[in-house]
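Please read these numbers as outputs of a predicted model, since none were measured by experiment.
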Amino acid sequence: MKIPPVKGTRDFYPQEMAIHNWIVDGWKRASLRNGFEEYDGPIFEYLQMYQIKSGDEIVEQLFSFKDRGDRDLAIRPEITPTLARMVNQRINTLPKPIKWFSVPRLCRAERPQKGRLREFFQWNIDIIGEDSVLADAEVIFTTVDYLREVGLTPNDIKVKISSRKFLSAVLKKIGISEEKLNSLYGLLDKKTKLPAEAFSEALIQQVGERISEQVISFMGSQSVTSVENIVKPDAGGELDIAIKELEDCASRLGQMGISDYCVFDPGIVRGLAYYTGIVFEVHDIQGDLRAICGGGRFDNLLHDFGGPKITATGMGMGDCVLEILLSEKGLLNQKISARSLDYFVLPVADNLLDDTIKLVAQLRTLGFKTIFSYKSGSLSKQLKTASERNAKYCIIIGDEFKAGDIVLKDMSTGNQKTVPLNEFLANPGKF
RNA sequence: GUGAGAGUAGCUCAGUUGGAUAGAGCAUCGGAUUGUGGUUCCGAGGGUCGAGGGUUCGAAUCCCUUCUCUCACCCCA
């Protein structure tokens, strides 16, 4: 009986695995060179961990189960709660700021679609315990540092940056009450998805005609300062502070040399209520994929999980959308070869198999990727196999071997030379 | 959860008004080729035509049911 793969999962055959590893290795390199340390946690936690900051709808999209002790558990749909738990447990002994990263495998029971599966990997970086906007800038830089390394240019992607503090200050100044903010965020987040008329209709329904005009005008702002045409900040007030933060962030990003990747966009809201400061998303420039990643500052992360009031800022990037984008941009093919070999050792006759195996073992011990053929087919056939396997060199064990010599063939040029085996083994790189 | 589209070999697809043993390219394996690879030529294996039921002398093709996948919506931590 044939059992199909589970909906929304992927099988990583060697070629896909090579691509996947290349992506994950890049994430890890970028994290490490930006000063982040790797951590990980269990792939399941108490179900309650994911109920703290989320509603029932999100709980429905969890893979949850009971263990034999009747405990309610869930496979992790995100790693942030685990991070909060781990940091809280050692909050007094960890040196600040805490800069950690992880590449967890996550599961969400959502309906799969383009760029979204039920099992995926997500690169997470977080800086905990640093209030300065510099930390937000560093998170954004690390993100761009990676995306730039894999070959994405400012013509391919943009980091769209805004601030929850800024947004809330503007909206309150326009005359929207604090209680209405959260439901309004939901609408503003959808602006790019809705036709302009539908958006403005929905907006009028929420805040009335006069205010909605101002909101629409604000949502069209191209720069942070242009908001002053709509509302005037009071010196030292919430809006004033938020504007300074955004400007400060932009100036840091300039110092880091990535201004050409970054743009202010008041339409970046982010779904969840818990963001409190700078928020950002990276989008492909055509805008036909969902966000490549998203992040921002959240003040209450540790506190929500029973810890102190320490702020955090971070970013999460899934592997699905990224891979689609890289593939569309042609950035996957050449760089990744699933198989490559240093040596392919081939005996021309069955009675040379013993010596072949000895040599193969010696080369492997020296650290070279080396294989041989199980079948002692014709030389021509074995060379063909070696060529298919992308071997850099072939070592032919033939008549010369009686005199202690091997034939070393460079597969890229076709040149070959006869070399004494003991000299070769003493310094294989020399040949 | 809602809506639309699609299911034929490992992959990409053909398959006439419903007609006999369901085809091609790529991939895999073997041979031409037992001391020289990438090319070429020849051959082989591989299918419950997603599944179940119905109409018919006869179904990959028409009808019903169901499953799966894709895309969009909800949601997006």
Side-chain angles (χ1 to χ4, degrees), chain A residues 1-11 13 15 45 49-62 74-84 104 106-118 120 122 124 126 186 189-190 193-194 269-275 279 281 288-296 298 301 304 314-318 320-321 324 341 344 346-352 373 375-401 406-416 418:
Chain A
M1 183 160 136
K2 232 182 206 172
I3 299 173
V6 175
K7 180 204 284 281
T9 63
R10 286 170 290 178
D11 294 328
Y13 287 83
Q15 200 173 350
E45 295 269 6
M49 281 275 277
Y50 306 110
Q51 294 171 316
I52 286 177
K53 60 176 195 178
S54 327
D56 289 341
E57 176 133 15
I58 278 176
V59 172
E60 278 173 23
Q61 297 188 335
L62 288 171
I75 300 176
R76 61 186 180 188
E78 56 170 331
I79 200 167
T80 311
T82 302
L83 170 68
L106 306 176
C107 292
R108 298 174 184 175
E110 298 171 298
R111 192 161 230 173
Q113 53 187 283
K114 191 175 186 184
R116 189 165 77 179
L117 299 171
R118 288 184 158 191
F120 58 98
Q122 191 183 64
N124 281 254
D126 289 280
D189 198 37
K190 285 199 185 73
K193 276 192 159 182
L194 292 172
V269 182
R270 305 286 297 148
L272 268 290
Y274 64 70
Y275 286 101
V279 287
E281 289 178 358
D288 40 36
L289 298 175
R290 57 183 65 240
I292 297 157
C293 73
F298 30 102
L301 175 68
D304 289 344
M315 184 281 301
M317 179 187 298
C320 302
V321 175
I324 292 170
L341 278 178
F344 189 103
L346 51 98
V348 300
D350 286 342
N351 63 353
L352 291 165
S373 172
K375 275 170 284 185
S376 67
S378 69
L379 184 58
S380 135
K381 186 137 289 180
Q382 294 201 63
L383 281 168
K384 191 171 179 170
T385 308
S387 170
E388 278 162 4
R389 296 298 299 268
N390 250 332
K392 288 195 201 77
Y393 294 96
C394 276
I395 295 174
I396 300 166
I397 308 295
D399 297 337
E400 306 85 350
F401 197 75
I406 59 166
V407 175
L408 185 67
K409 183 181 179 73
D410 183 327
M411 295 300 279
S412 59
T413 63
N415 297 336
Q416 63 185 51
T418 305

Once you apply a heavy-atom cut-off of 4.0 Å, does [X] come out as touching a base, just sugar-phosphate, or nothing?
X        : value
A/Lys190 : sugar-phosphate
A/Gly294 : nothing
A/Glu400 : base
A/Gln416 : base
A/Arg270 : sugar-phosphate

Which one, [options], comes nearest to the side chain of [X]?
X        : options             : value
A/Tyr275 : B/U70, B/G35, B/A77 : B/A77
A/Val348 : B/G37, B/G35, B/A77 : B/G35
A/Lys193 : B/G35, B/C75, B/C71 : B/C75
A/Gln113 : B/A77, B/U36, B/C71 : B/C71
A/Arg116 : B/G35, B/C74, B/G37 : B/C74
A/Arg111 : B/C71, B/U2, B/A77  : B/U2
A/Glu110 : B/C69, B/U36, B/A77 : B/A77

Using the [atom1] atoms only, state how far [M] lies from [N], rounded to an integer number of Å.
N     : M     : atom1 : result
B/A4  : B/C74 : C1'   : 16 Å
B/A14 : B/U8  : P     : 10 Å
B/C69 : B/U61 : P     : 23 Å
B/G10 : B/U28 : P     : 15 Å
B/G25 : B/C41 : P     : 11 Å
B/G15 : B/U21 : C1'   : 15 Å
B/G53 : B/G30 : C1'   : 43 Å
B/A27 : B/U12 : P     : 15 Å

Roughly, in whole Å, what's the span from [atom1] in [X] to [atom2] in [N]?
X        : N     : atom1 : atom2 : value
A/Arg118 : B/C76 : CZ    : P     : 17 Å
A/Met317 : B/C76 : CE    : C1'   : 16 Å
A/Asp288 : B/A72 : CG    : C1'   : 14 Å
A/Glu60  : B/C74 : CD    : C1'   : 11 Å
A/Gln382 : B/G35 : CD    : P     : 10 Å
A/Glu388 : B/C29 : CD    : C1'   : 11 Å
A/Lys392 : B/G37 : NZ    : P     : 22 Å
A/Leu117 : B/C76 : CG    : P     : 19 Å

With distance as the sole test, does [X] use its side chain to make a donor-acceptor pair with the main-chain N or O of [Y] at under 3.5 Å?
X        : Y        : answer
A/Asp410 : A/Ser412 : yes
A/Arg118 : A/Glu110 : yes
A/Lys392 : A/Met411 : no

Can you find a pair of side-chain heavy atoms, one from [X] and one from [Y], that are under 4.5 Å apart?
X        : Y        : result
A/Arg290 : A/Lys114 : no
A/Ile396 : A/Leu346 : yes
A/Asp304 : A/Phe298 : no
A/Gln122 : A/Ile79  : no

Identify the nucleotide, in any strand shown, that forms a Watson-Crick or G-U wobble pair with [N], with both distances under 3.5 Å; if there is none, say none.
N     : result
B/A6  : B/U68
B/A22 : none
B/G38 : none
B/G46 : none

Answer yes or no: side-chain N or O of [X] and base N or O of [N] forming a donor-acceptor pair under 3.5 Å.
X        : N     : answer
A/Arg108 : B/C75 : no
A/Ser380 : B/U33 : yes
A/Lys409 : B/U36 : yes

Result for 5'-nearest mapping on RNA chain B, choosing between A/Gln122 and A/Pro5, is A/Pro5

Establish, with yes or no, whether the OP1 or OP2 oxygen of B/G30 is under 4.0 angstrom from a side-chain nitrogen or oxygen of A/Lys381. no

Looking at A/Lys7, I'd like to know whether one of its side-chain N or O atoms comes within less than 4.0 Å of OP1 or OP2 on B/U68. no

Taking the basic N atoms (NZ, or NE/NH1/NH2) and the acidic carboxylate oxygens, is any pair closer than 4.0 Å for A/Glu45 and A/Arg76? no

